[in-house]
Amino acid sequence: MQKQSDAAATAGPPPETTSIAARAMAALRPGGAPYLDGLNPEQRRAVETTDGPVLVLAGAGTGKTRVLTTRIAHLIATGRARPYDILAVTFTNKAAREMKARIGALIGPAGEGMPWLGTFHAIGTKILRRHAELVGLKSDFTILGTDDQLRLMKQVIADQNIDEKRWPARALGHAIDGWKNRGLSPEQVPPGEAGAFAFGKGGALYTAYQARLATLNAVDFGDLLLLCLKLWRENPDVLENYQHRFRYILVDEYQDTNVAQYLWLRLLAQGHRNVACVGDDDQSIYGWRGAEVDNILRFEHDFPGAAVVRLERNYRSTGHILAAASGLIAKNEGRLGKTLRTEDVAGERVTVTGAWDSEEEARLVAESIESLQAKKHPLSEIAVLVRISAQMREIEDRFVQLGLPYRVIGGPRFYERAEIRDALAYLRATANPADDLAFERIINTPKRGLGDATLQQLHTYARAERVPLLLAARRLIETDELKPRVRSTLRALAESFSRWARAVETVPHSEVAQTILEESGYTEMWQKDRSADAAGRLENLKEFVRSMEEFPDLAGFLEHVALVMDASEAEGAERVSLMTLHAAKGLEFDTVFLPGWEDGLFPNQRALDESGRAGLEEERRLAHVGLTRARKRAKLSFAVNRRIHGLWSSTIPSRFIDELPAGSVDVVEAPAHFSAGASRFDRNPAPFGSSYGTPGWQRAQANTAASGRGFGQSHGASPGGRGGPRQIEGELVAKSTGAPSAYAAGARVFHTKFGPGTVAGVDGNKLTVDFDKAGRKMVLDSFVQPG
DNA sequence: CGCCCCTGTTTTTTT
DNA sequence: AACAGGGGCG
């Protein structure tokens with residue numbers, strides 16, 4: 001496959017033609033084409049193969065972003081395209097921002113104001129606003145966030161008299177999301193799937209949901225793409241216009257595209273057929289939210305004659321790290337196949353350390369960081385990457401105890417916070433009196449005595465008269481259908497909204513926001529709140545009002561908030577970064593800690609249960625992403641005991657550890673200071689079987705016994721010095737026997753710690769056992785005896 | 001209408 | 001274990 005693609009690439013239009021012309025044209029400009037300097041031959045080919053479809057398979061650390069930005073610079077500098085002829089799509093705002101900045105740096109002001117560089121959703125919005133009426137919307141449509149969607153779904157479910165407990169709105173949301181990801185409008189959903197939800201009502205619910213959106217003049221994120229497809233299919237002239245307009249199309253992170261995005265791109269690319277997709281099938285980690293690795297695997301089929309360029313020269317990691325990552329990812333089937341290589345030194349081996357429990361693991365990580373810090377390793381160049389957010393807690397606790405400065409990347413986002421969503425709801429309801437969802441959110445926030453009963457009345461009236469809630473309120477307060485108290489409260493609220501709406505016309509919008517928050521009693525609500533986070537919320541509200549000043553008007557600000565759900569965070573501070581593996585994609589650090597490599601956690605059991613082998617391969621890609629974040633040092637670890645949902649479970653090392661090439665790995669034993677006193681476990685819970693028979697493990701056990709209790713030696717881990725971690729080269733702690741287990745599902749077994757149980761599943765020498773007392777656990781078969 | 005207790009849930013995350 | 005959301009009660 002690899003050979004084939006390369007052949008196809010060279011069989012295409014000879015790149016030299018464009019290359020010479022490009023260079024000649026660039027040479028006309030003073031200073032030649034400095035932006036091409038320093039590209040390697042493959043990168044250069046990816047940049048200079050301008051015409052026709054191109055797939056750039058860019059492995060981790062091979063200069064993907066550089067290629068993308070240089071390619072745009074090249075298109076503009078050589079006069080092939082003006083900035084507005086180029087469509088460049090990314091997935092995240094961050095990526096879009098970065099690309100803008102780098103293009104600016106490459107070619108100066110000429111590259112500024114690329115109007116069609118943005119996320120799929122931002123560009124989709126831009127297009128839909130221009131043609132809103134063709135898809136049944138007004139151009140000032142609202143973009144709903146997930147919480148609004150959820151509330152809408154709840155209403156729809158209730159309307160259809162379906163038990164929301166049996167068929168939760170979340171599940172419906174998931175189903176509809178899935179359909180939208182696959183580009184399916186309600187009528188296109190396969191009947192079988194539509195019928196699977198709520199006794200055959202899934203399709204009807206989807207239809208009803210879309211109808212509700214339409215009456216609200218609102219769309220959700222999926223619609224931003226789906227409605228473009230509808231627009232183009234029903235209006236070929238409009239499609240043609242865009243096909244013509246976008247002379248060159250570039251797509252970043254192509255492996256993350258879902259079907260809807262793929263269809264979207266394909267329609268547009270059919271014009272000039274100059275589409276360059278950059279991606280890495282080995283870094284596809286978003287399958288669970290609809291990304292189709294197949295899109296990248298099928299590229300050459302979908303775009304016949306496509307040139308394929310592989311970027312395999314890695315400029316990031318040292319040899320052993322790259323070897324470990326490559327060796328691991330090689331276990332995946334269904335990949336296009338790349339071999340990363342580096343000209344860098346072999347460097348340090350990847351280390352693997354076993355800890356007694358997750359608490360000790362956190363301590364090991366923290367102490368390891370402290371000793372690096374002592375050697376002047378900048379903290380900003382250290383990251384701890386975890387599989388799930390829940391792992392962060394223990395690590396944070398440890399950092400706090402030691403006073404290690406750290407920052408969590410990708411936590412709850414600014415615009416997702418309750419106080420911000422409330423403030424936004426006030427602004428939305430002010431800007432758009434028909435925004436029922438916003439009005440509903442704040443009608444009783446702060447508490448003003450307008451509860452469910454009142455809301456029901458409003459709903460009934462609004463539905464009967466087909467008017468928005470706020471208008472329904474205005475009309476009802478003129479009748480005597482409401483209790484006097486409710487009536488006066490509601491009148492005051494309605495009048496406030498009128499007043500605020502008038503203010504928007506004359507007063508700067510951030511001042512109006514300030515006024516709204518004060519007059520509505522919202523600020524006061526938090527001032528009176530005695531809970532610990534109230535002060536922080538007030539701070540957030542201040543920041544929120546302040547951030548509005550950066551936008552020309554209220555509508556502009558609301559659009560920004562709907563599409564750009566992240567607030568820029570201060571970078572470069574002297575802190576350790578803590579984040580999930582997913583959040584780490586695209587980042588790099590000198591030293592990377594990868595804790596929690598245990599079967600069940602990583603690879604994650606749920607991924608395995610839900611997606612089987614595909615799930616396992618995605619987990620493996622995640623591991624690959626994790627390893628390739630490291631420039632100089634990657635430190636894996638696992639714990640033998642971990643608390644899962646509050647219960648202690650015994651765990652076994654990740655199968656991925658076994659899959660690493662032994663030659664690039666060092667097993668490093670934990671410094672000998674197991675916190676025996678703090679553990680609630682017997683030191684020797686089970687006779688160690690073959691898997692724990694390695695010298696390192698045995699020594700760890702011996703040291704534990706000898707070192708006694710307490711924390712006394714916690715700083716004795718001076719690396720390189722005496723008493724520091726000893727290394728046993730090439731030995732793997734979790735070495736599998738490879739031999740199939742002697743046990744079969746259904747067999748009765750006995751475990752010294754967990755007692756009797758029944759084997760539920762077998763995977764090599766790893767057993768899933770339902771213990772009579774202890775519940776379901778995963779254990780190595782050498783830990784149990786026939787029972 | 002509002003508060004409190006109980007119950008069920010718990011991957012990864014963007015737009 | 002921790003949290004969120006719903007139901008029931010005052």
Side-chain angles (χ1 to χ4, degrees), chain A residues 89-96 118-125 143-151 154 163-165 168-171 174 177 180-181 219-226 253 256-258 260-261 284-291 358 385-394 397 409-413 415-416 418 444 446-456 483 485-486 489 559-566 579-586 596 600-611 615 618-619 621-623 625-626 642-649:
Chain A
V89 275
T90 63
F91 275 82
T92 62
N93 295 296
K94 195 176 154 202
T119 62
F120 276 100
H121 294 87
I123 291 167
T125 305
I143 301 164
L144 262 35
T146 30
D147 53 349
D148 287 325
Q149 278 176 58
L150 210 59
R151 250 171 322 134
K154 277 186 183 158
D163 181 9
E164 216 249 290
K165 281 174 126 174
R170 266 192 60 150
H174 195 250
D177 244 27
K180 289 190 173 177
N181 283 159
V219 298
D220 63 20
F221 285 117
D223 287 339
L224 293 174
L225 298 167
L226 209 52
E253 305 278 16
D256 287 337
T257 49
N258 61 35
Q261 288 156 339
S284 163
I285 54 175
Y286 286 110
W288 52 272
R289 67 176 195 212
S358 42
L385 311 182
V386 295
R387 175 62 183 83
I388 63 172
S389 306
Q391 284 173 262
M392 289 186 191
R393 180 98 159 234
E394 278 178 303
D397 283 353
I409 299 195
R413 271 150 306 172
Y415 292 116
E416 303 260 304
N444 203 28
K447 303 266 189 290
R448 45 171 78 87
L450 301 173
D452 283 347
T454 309
L455 194 55
Q456 273 315 314
K483 288 185 191 148
R485 200 193 183 99
V486 170
T489 313
E559 174 117 335
H560 164 82
V561 170
L563 285 172
V564 184
M565 294 298 285
D566 62 344
M579 70 194 96
T580 64
L581 285 160
H582 284 90
K585 194 163 81 159
L601 179 61
F602 191 38
N604 190 271
Q605 191 57 45
R606 198 142 157 186
L608 263 37
D609 291 344
E610 280 168 18
S611 317
E618 181 154 315
E619 294 286 300
R621 290 193 292 268
L622 201 47
V625 167
R642 184 177 295 275
R643 205 165 21 186
I644 298 166
H645 308 325
L647 297 169
W648 284 96
S649 309

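The model shown is predicted, which means the values in this text are computed figures rather than measured ones. Residue numbering restarts at 1 for every chain, and letters A, B, ... go by the order of the sequence lines.
Distance check, rounded to the nearest 0.5 Å: CD of A:Gln391 to OG1 of A:Thr580 gives 10.0 Å. Atom NE2 in A:His174 sits 12.0 Å away from atom CZ in A:Arg289 (nearest 0.5 Å).
A straight line from CZ of A:Arg642 to C1' of C:dA1 spans 15 Å, rounded to a whole angstrom. Rounded to whole Å, atom P of B:dT15 lies 12 Å from atom NZ of A:Lys585. Residue A:Lys447 contributes atom NZ, which lies 7 Å from atom P of B:dC3 at whole-angstrom precision. Put simply, CG on A:Leu224 is 8 Å from C1' on B:dT15, counting in whole angstrom units. Following rounding to the nearest Å, A:Arg151 (CZ) and C:dA4 (P) show an atom-to-atom distance of 17 Å.
At a threshold of 4.5 Å between non-hydrogen side-chain atoms, the residues A:Lys180 and A:Asp223 count as touching.
Taking the side chain to side chain donor-acceptor pair (under 3.5 Å) definition, one finds that A:Asp397 meets it with nothing, sequence neighbours left out. The side chain to side chain donor-acceptor pair (under 3.5 Å) check on A:Asp177 picks up nothing, with sequence neighbours excluded.
Across all strands, A:Lys154 comes closer than 4.0 Å only to sugar-phosphate atoms, never to a base (heavy-atom distances). As judged by a 4.0 angstrom heavy-atom cut-off over every strand, A:Arg485 is placed among residues making no nucleic acid contact. Counting any heavy atom pair closer than 4.0 Å across all strands shown, A:Asn444 reaches sugar-phosphate atoms only and no base atom. Using a 4.0 Å heavy-atom cutoff across all strands shown, A:Gly449 reaches sugar-phosphate atoms only and no base atom. If you check every strand for non-hydrogen atoms under 4.0 Å, A:Leu608 touches nothing.
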Polar atom pairs (N or O), protein with nucleotides 8-14 of chain B, under 3.5 Å:
residue: B:dT11; atom: OP2; partner: A:Arg606; partner atom: NH1; Å: 2.8
residue: B:dT11; atom: O2; partner: A:Arg387; partner atom: NH1; Å: 3.4
residue: B:dT11; atom: O2; partner: A:Arg387; partner atom: NH2; Å: 2.6
residue: B:dT11; atom: O4; partner: A:Glu610; partner atom: OE1; Å: 3.0
residue: B:dT12; atom: OP1; partner: A:Ser389; partner atom: N; Å: 2.8
residue: B:dT12; atom: OP1; partner: A:Ser389; partner atom: OG; Å: 2.8
residue: B:dT12; atom: O4'; partner: A:Arg387; partner atom: NH1; Å: 3.1
residue: B:dT12; atom: O2; partner: A:Trp288; partner atom: NE1; Å: 3.3
residue: B:dT12; atom: O2; partner: A:Arg387; partner atom: NH2; Å: 2.9
residue: B:dT13; atom: OP1; partner: A:Thr580; partner atom: OG1; Å: 2.3
residue: B:dT14; atom: OP2; partner: A:Arg413; partner atom: NE; Å: 3.4
residue: B:dT14; atom: OP2; partner: A:Arg413; partner atom: NH1; Å: 2.6
residue: B:dT14; atom: OP2; partner: A:Arg413; partner atom: NH2; Å: 3.0
residue: B:dT14; atom: O4'; partner: A:Arg289; partner atom: NH1; Å: 3.4
residue: B:dT14; atom: O4'; partner: A:Arg289; partner atom: NH2; Å: 3.4

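In terms of modelled atom types and a separation under 3.5 Å, the side chain of A:Glu618 and the main chain of A:Gly287 share a donor-acceptor contact.
In summary, A:Arg151 and A:Asp148 engage in a salt bridge, as defined by a charged side-chain N under 4.0 Å from a carboxylate O.
One finds a side-chain N or O of A:Thr454 lying less than 4.0 angstrom from the OP1 or OP2 phosphate oxygen of B:dC1.
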